[in-house]
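Below is one structure, written out as structure tokens; comments come after it.
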Protein chains: 2
Amino acid sequence: MKQTKILLDESEMPKEWYNIVADMPTPPQPVLGPDGNPIGPDALSAIFPDALIEQEVSSERWIPIPEKVREILALWRPSPLMRAHRLEEALGTPAKIYYKYEGVSPAGSHKPNTAVPQAYYNQQAGIKRLTTETGAGQWGCSIALAGQMFGIDVRVFMVKVSYQQKPFRRSMMQTWGAEVFASPSELTGVGRKMLAEDPDNPGSLGLAISEAVEEAMGDAGTNYALGSVLNHVGLHQSVIGLEAIKQFEKVGDYPDVVVACCGGGSNFAGTAFPFLGEKAAGRKVKLLAVEPSSCPTLTRGHYAYDFGDSSGLTPLMKMYTLGHDFTPPGIHAGGLRYHGDSALVSQLVHEKLIEARAIPQLSTFEAGVQFAKSEGIVPAPESNHAVSGAIEEALRCKEEGKEKTIFFTLSGHGHFDMTAYDKYFSGELTNFDYPEEAINEALSHLPKV
Amino acid sequence: MKQTKILLDESEMPKEWYNIVADMPTPPQPVLGPDGNPIGPDALSAIFPDALIEQEVSSERWIPIPEKVREILALWRPSPLMRAHRLEEALGTPAKIYYKYEGVSPAGSHKPNTAVPQAYYNQQAGIKRLTTETGAGQWGCSIALAGQMFGIDVRVFMVKVSYQQKPFRRSMMQTWGAEVFASPSELTGVGRKMLAEDPDNPGSLGLAISEAVEEAMGDAGTNYALGSVLNHVGLHQSVIGLEAIKQFEKVGDYPDVVVACCGGGSNFAGTAFPFLGEKAAGRKVKLLAVEPSSCPTLTRGHYAYDFGDSSGLTPLMKMYTLGHDFTPPGIHAGGLRYHGDSALVSQLVHEKLIEARAIPQLSTFEAGVQFAKSEGIVPAPESNHAVSGAIEEALRCKEEGKEKTIFFTLSGHGHFDMTAYDKYFSGELTNFDYPEEAINEALSHLPKV
């Protein structure tokens, strides 16, 4: 019988995270304050514990994963590496396709890989409560789960329109003991202000971030947690790629192409950076970040300093961006609707160590359905971007008659996204391509630094 | 670090199913026709392939699992055995608690363990289409997945009220390529008749079964598939217990108590029968079936001949039953709302080799939430019955200061059941206990044999 799953024992789980900064050809670009001067790590200490700030700016190659963190991760990690025999057959490709399945976590995606250490370090720092924002709820669920595991209260500001339309992830957060509030809420100054202006304000991710940060700033026992973009978040996700490398060793194979979807960049970083580290050491591998055509940050944005949030409250990071007030349409891959991208991923794309590709929405769903029919798992719409990228690579191998090994991360399952599939089947979904002028207009708002 | 997961390689997946009939103290009671005389296996051949009928009546102890079936099962099997360290700690029990997690299948429960071989044997028999019924959609999803894997068309009659209120599992079935119709439908005689009488008929499982069977009877290329109750279904589920026995060997432990929830009985049979086989060979183990108080088949029903369906169309099986027209209230553990039970489970309960316990709805949700907070996974409402039973056993160990080993099957995740948790949190859920008269009234309708 052909082998399908490549498993690791939990004793083989990585004991250290891998930090790409140690192997970057040029050091990371500094983060700038509102005056255009580099800011120090202490600027973050009002909302993050020291341990995470140290990781944020560290250039150590290996950073130990605390045992208490590994104990919780062991509830679902190491995640399986799967050989997609049936998908290969369906495509008629000579390529070998492998995927790492992160949907095995209780929250259903890769997000708990960072939520757990974030909750741990906050608990160690004496923090009693974490605040965060969530859109569709993937990140809110992950931090609710992690907070519960370390006895930390969690307060989630959930974009009001999602709170009303997507009650299931809200119930899940509540099952794990978190408080969930529709944002804008009456709990914060910024929320009250927005509600006073417009009681029917449907909320936005940027607004929910502002509420969560306001609460964390105003209370010494409360910190804030972010689910993507930042360096320490990508660092925690490196368990994905590190495990995959061990799993490929077990079957004596190695990828020619590594594919992951890319929104804020943490799933892509976690998947690709450990392979990029091996590339730095001489191994040959192509790294491909797939993003939605409707939010084409890496493929159509500028590499420039910009704010991390839409209101311009955060420090400035050098990254691929479409402009901080760029508003992508309401596509179903909500986790990929970010105007910018991880500074590290951006810099490595800029330095041509990572390739990027934008794929339109309908192609990603077509790929996701083909995957579900072959391999069983129904992927999250975000993950469909990686599936789609991998299928494109496999079909190219077919055309060229090449037996490459393709690896991608299936970052989560689609159990809470069936409405999106419904709309796909009923023909309600469309592609969306920006005219050049719309992109240029948004880019014209980039801050002058 | 304490070990959490006990994994098996797919090479360690069972290659044979275990058939309890070989080890039962008395042979299974015969199935009777409408005239009260035993019927032969050929009575089933209009809707089932010969291979499944042979398994239905087999007394062979071991039945080979075809390689093509194992290849598909390997997409998620062997499923992990987990040590619930954090739940033990939360309960303060000296007991060790282990659970087998069947929610790792693409459909999210143990049901694909039998859907896959059913689709395989039908394909081998030249069948082009399978019909089935589904309530909330667990079984419909499983057979849709399995049909897709073997290139068989699947037509699912979904109880209309679920079709309208629970669109997500419907979308999932469609993702796997199945046709899904609200039942009653215009496709069958029985459906048209019901719609003519009442165009707003909300449907029922009994009616959906009738539609699915009617289609299968009327077309030589179409067969019918059932997700529980029958002997061959429980047989296919024996992979659960067989794997668990191997997994316990790996850690040098063995359960004193084996717990599973019990509706039609296939999950319970799959979990418990392999252990019962070892008990027959001299090993000491207690087997506990947990059912809802609101559908107390094993604990308050009669052990008598009754119909398998609500309309009295099927042959008569000797089983614990509340009467075939008994209608349990609309509890959230829809998979446990069956008036009867597997004939084999029933006979073994009657012979006192299996214990049964009924647990009220609120206690099961309380247990499920405690489990989610400790172990992460949010269980299906059906599985909460097993969690609840295991917790009761663990608390008894605490009272008595006994270090027993408790094992239960977590038959599925609750990702499509968050409405139920919502209602639990908002206080809308209630317990339901039948007055003696209501049970007696239903039992008075038992057929006279």
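Residue numbers begin at 1 in each chain, while the letters A, B, ... track the order of the sequences.
Ring geometry, His236(B) versus Trp17(B): the interplanar angle falls from 30° to 60°, so the pair is classed tilted. Classified by interplanar angle (parallel below 30°, tilted 30° to 60°, perpendicular above 60°), the ring pair Tyr98(A)/Phe248(A) is perpendicular.
Checking each of Glu243(B), Glu10(B), Glu71(B) against Arg77(B) for a salt bridge (charged side-chain N to carboxylate O under 4.0 Å, His left out) leaves exactly one that passes, namely Glu243(B). If you run ring pair (Phe, Tyr, Trp, His ring centres under 6.0 Å) between Phe365(A) and each of Tyr421(A), Phe425(A), Phe371(A), only Tyr421(A) comes through. Screening Lys5(B), Gln3(B), Glu375(B) for a side chain to side chain contact (heavy atoms under 4.5 Å, CB included) involving Met82(B) leaves a single residue, Lys5(B).
Looking at Leu75(B), the atoms closer than 4.5 Å to chain A (heavy atoms on both sides) sit in the backbone and in the side chain alike. With a 4.5 angstrom heavy-atom cutoff, Leu145(A) touches chain B only via side-chain atoms. In this structure, chain A has no heavy atom under 4.5 Å from any part of Pro379(B). With a 4.5 angstrom heavy-atom cutoff, Arg169(B) does not touch chain A via any of its atoms. With a 4.5 Å cut-off on non-hydrogen atoms, Ile6(B) does not touch chain A at all.
The greatest number of non-hydrogen atom pairs below 4.5 Å with chain A, out of Arg83(B), Arg70(B), Lys373(B), Gln174(B), is found for Lys373(B). Top candidate by heavy-atom pairs under 4.5 Å with chain B, chosen from Met149(A), His85(A), Lys68(A), is Met149(A). Most heavy-atom pairs under 4.5 Å with chain A, from the set Arg86(B), Met172(B), Glu67(B), Lys2(B): that is Arg86(B). Taking chain B as the reference chain and counting heavy-atom pairs below 4.5 Å, the highest number among Val369(A), Thr419(A), Val104(A) is found for Thr419(A). Each of Ser11(B), Ala107(B), Ser171(B) has some count of heavy-atom pairs under 4.5 Å with chain A, and the biggest count is that of Ser171(B).
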*Determine, step by step, whether Ile97(B) and Leu91(B) satisfy the side chain to side chain contact (heavy atoms under 4.5 Å, CB included) criterion, reporting the C-alpha distance in whole Å, the side-chain angles of both residues, the deciding distance to 0.1 Å, and the verdict.*
CA-CA 11 Å; Ile97(B) 306 177; Leu91(B) 296 171; 3.8 Å; yes

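Along residues 409-418 of chain A, the residues that come nearer than 4.5 angstrom to chain B, judged on non-hydrogen atoms, are His413(A), His415(A), Phe416(A), Met418(A) in order of number.
Between the side chains of Gln247(B) and Lys100(B), at least one donor-acceptor pair of N or O atoms lies under 3.5 Å. Side-chain contact check for Ser109(A) and Glu102(A): no donor-acceptor pair (N or O, by modelled atom type) lies under 3.5 Å. For the residue pair Asn384(A) / Gln361(A), no side-chain donor-acceptor distance below 3.5 Å is found, with atom types taken as modelled.
Scanning both residues, Thr175(A) and Ala372(B), for their nearest heavy atoms gives CG2-CB, 3.8 Å.
Of the charged side-chain nitrogens involved, at least one lies within less than 4.0 Å of a carboxylate oxygen, so that Lys96(A) and Asp253(A) count as a salt-bridged pair.
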